[in-house]
2 protein chains.
Amino acid sequence: MPPSPDFTEARPGQVPLLLAVTYRAMTDRFHALLAERGREPLRPAHGYTFRYLASHPHATTVDLAAHLGVTKQATSKAVAELEDWGYVERRPHTTDKRAQVLALTTRGREYLELADELWTTVEGQLADVIGTERLAALDRDLRTYIAAVHADQEVSFRPVW
Amino acid sequence: MPPSPDFTEARPGQVPLLLAVTYRAMTDRFHALLAERGREPLRPAHGYTFRYLASHPHATTVDLAAHLGVTKQATSKAVAELEDWGYVERRPHTTDKRAQVLALTTRGREYLELADELWTTVEGQLADVIGTERLAALDRDLRTYIAAVHADQEVSFRPVW
DNA sequence: AGATATAGTCAACTAGCTTGACCATATGAA
DNA sequence: TTCATATGGTCAAGCTAGTTGACTATATCT
């Protein structure tokens with residue numbers, strides 16, 4: 001009795017499940033690498049937060065919430081935690097006295113570099129199995145699909161379980 | 001300022017995120033189709049439960065828990081709910097007086113058929129964009145990776161966010 | 001027979017969200 | 001300029017889906 005689904009042969013409609021399993025397998029490997037470096041148990045959402053802040057230097061909590069697809073209250077809590085851990089800073093907005101500007105600290109930027117390195121390693125393990133050409137095709141195909149879906153509806157990246 | 005990550009060009013280490021986004025987009029489409037049919041808001045985990053029970057006719061709660069990768073207590077609660085909704089039955093085990101055998105009801109089997117149909121539709125929308133050959137290659141590549149990872153560690157299909 | 005393992009339940013707790021109410025500040029229209 | 005409305009952020013309460021721990025009844029092993 002196999003403790004996991006049987007993936008030895010193709011079945012119509014199975015691709016979504018395969019995507020979920022693959023994503024989970026890769027995050028497991030990512031976290032294993034992270035643990036080897038003795039880092040705190042940061043989740044993918046934290047990394048995605050850092051990446052957003054790195055590319056949007058004047059982002060507020062509300063901006064980030066919209067990006068993550070959760071409420072501003074949930075985002076506010078998460079940001080407070082990341083601030084406690086020294087990854088993120090909150091600074092007063094220059095013109096809007098209600099708002100705060102979120103910014104990565106040096107530590108936050110360092111984490112982002114490390115995460116990029118580790119995700120690339122994990123991605124490389126996929127390339128080891130299927131080959132670099134297949135990996136490139138996979139990357140392209142997924143981005144094509146996302147672009148097509150994105151055309152008529154907003155797409156989140158928070159998986160539903 | 002784009003409200004979602006920018007996927008217009010490739011970046012090393014981005015594939016895991018692409019997998020997550022694609023999975024989420026497909027589950028969104030699945031749920032939209034489900035809503036059109038006026039079904040209850042069943043989540044992927046419920047469908048995976050049904051599929052497991054369909055292929056493991058003598059499964060117990062503990063078996064199911066191992067399959068889903070959560071505790072038996074959490075599984076027990078979910079099964080009770082699915083029983084209330086009429087998808088699953090609990091019957092006494094024939095030889096083990098401690099155990100209960102889980103079984104799909106007719107309604108449960110019907111849902112599974114519908115889900116297969118809808119997931120296949122969603123998968124077909126991916127095929128529409130990337131082509132059937134690329135879809136087949138994607139399917140094969142993902143199963144290859146899962147088999148490789150599966151060799152040395154157990155793989156779950158519950159995404160980490 | 002007795003020690004140990006296992007199926008399932010109950011209860012208390014937690015993480016990570018949600019909704020709703022609220023304050024302070026911005027913005028737009030009269 | 002003033003006032004109505006919109007917006008950024010916080011606080012508090014509640015929900016969902018999970019967790020750990022303790023326990024009972026039954027199985028299994030020695």
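Everything numeric here is computed off the predicted structure, so don't read it as measured data. Every heavy atom of this structure was used, including side-chain atoms; hydrogens, water molecules and symmetry mates were not. First the proteins, then the strands, lettered A, B, ... as listed; each starts at 1.
- Rounded to an integer number of Å, the gap from B:R158 CZ to D:dA17 P is 11 Å.
- If you measure from atom NZ of B:K97 to atom P of C:dG8, you get 16 Å, rounded to the nearest angstrom.
- At whole-Å resolution of the value, CG in A:L64 and P in C:dG16 are 15 Å apart.
- Nearer to the 5' terminus of DNA chain C, by closest-nucleotide assignment, is the contact made by B:D96 (compared with the other of A:A78 and B:D96).
- Contact annotation for A:K72: base contact, defined as any heavy-atom pair under 4.0 Å involving a base atom.
- Taking only side-chain nitrogens and oxygens, A:S76 comes nearer than 4.0 Å to OP1 or OP2 of D:dT10.
- Ion pairing of A:E110 with A:R37 is absent here, as no side-chain N (NZ or NE/NH1/NH2) approaches a carboxylate O to less than 4.0 Å.
- Heavy atoms of other residues, nucleotides or ligands lying less than 6.0 angstrom from NE2 of A:H58 number 12 at most.
- Side chains of B:T144 and B:D141: a donor-acceptor N/O pair is absent below 3.5 angstrom, by distance only.
- We find that CD of B:Q100 is positioned 13 Å from P of D:dA27, with the value rounded to whole Å.
- Note on B:T61: only backbone sugar-phosphate atoms sit closer than 4.0 angstrom, heavy atoms only; bases stay farther off.
- Within 4.0 Å of A:T75, counting heavy atoms only, lies no atom of the nucleic acid at all.
- Ring orientation note: the planes of B:H56 and B:H67 are tilted relative to one another, at an angle of 30° to 60°.
- Here C:dT9 presents its P atom at 13 Å from CZ of B:R98, a figure rounded to the nearest Å.
- The 5' end of DNA chain D is approached more closely, in terms of each residue's nearest nucleotide, by B:K77 than by the other of B:K77 and B:Q73.
- Within 4.0 Å of B:A74, counting heavy atoms only, lies at least one base atom of the nucleic acid.
- Here B:T60 reaches the OP1 or OP2 of C:dG8: one of its side-chain N or O atoms lies under 4.0 Å away.
- Listed pair A:W161 / D:dG18 meets the phosphate criterion, a side-chain N or O lying under 4.0 Å from OP1 or OP2.
- Protein atom CD of A:E83 is 12 Å distant from nucleotide atom P of D:dG9, rounded to whole Å.
- With C:dT25, C:dG8, C:dT18 as the candidates, the nucleotide lying closest to the side chain of B:V62 is C:dG8.
- Here the side chain of A:R134 pairs no donor or acceptor atom with the backbone of B:A137 at under 3.5 angstrom.
- Contact annotation: A:R90 reaches the phosphate of D:dT10 (side-chain N/O to OP1 or OP2, under 4.0 Å).
- As a whole-Å value, the separation of A:H93 NE2 from D:dT7 P is 15 Å.
- If you measure from atom CZ of B:R91 to atom C1' of C:dA7, you get 18 Å, rounded to the nearest angstrom.
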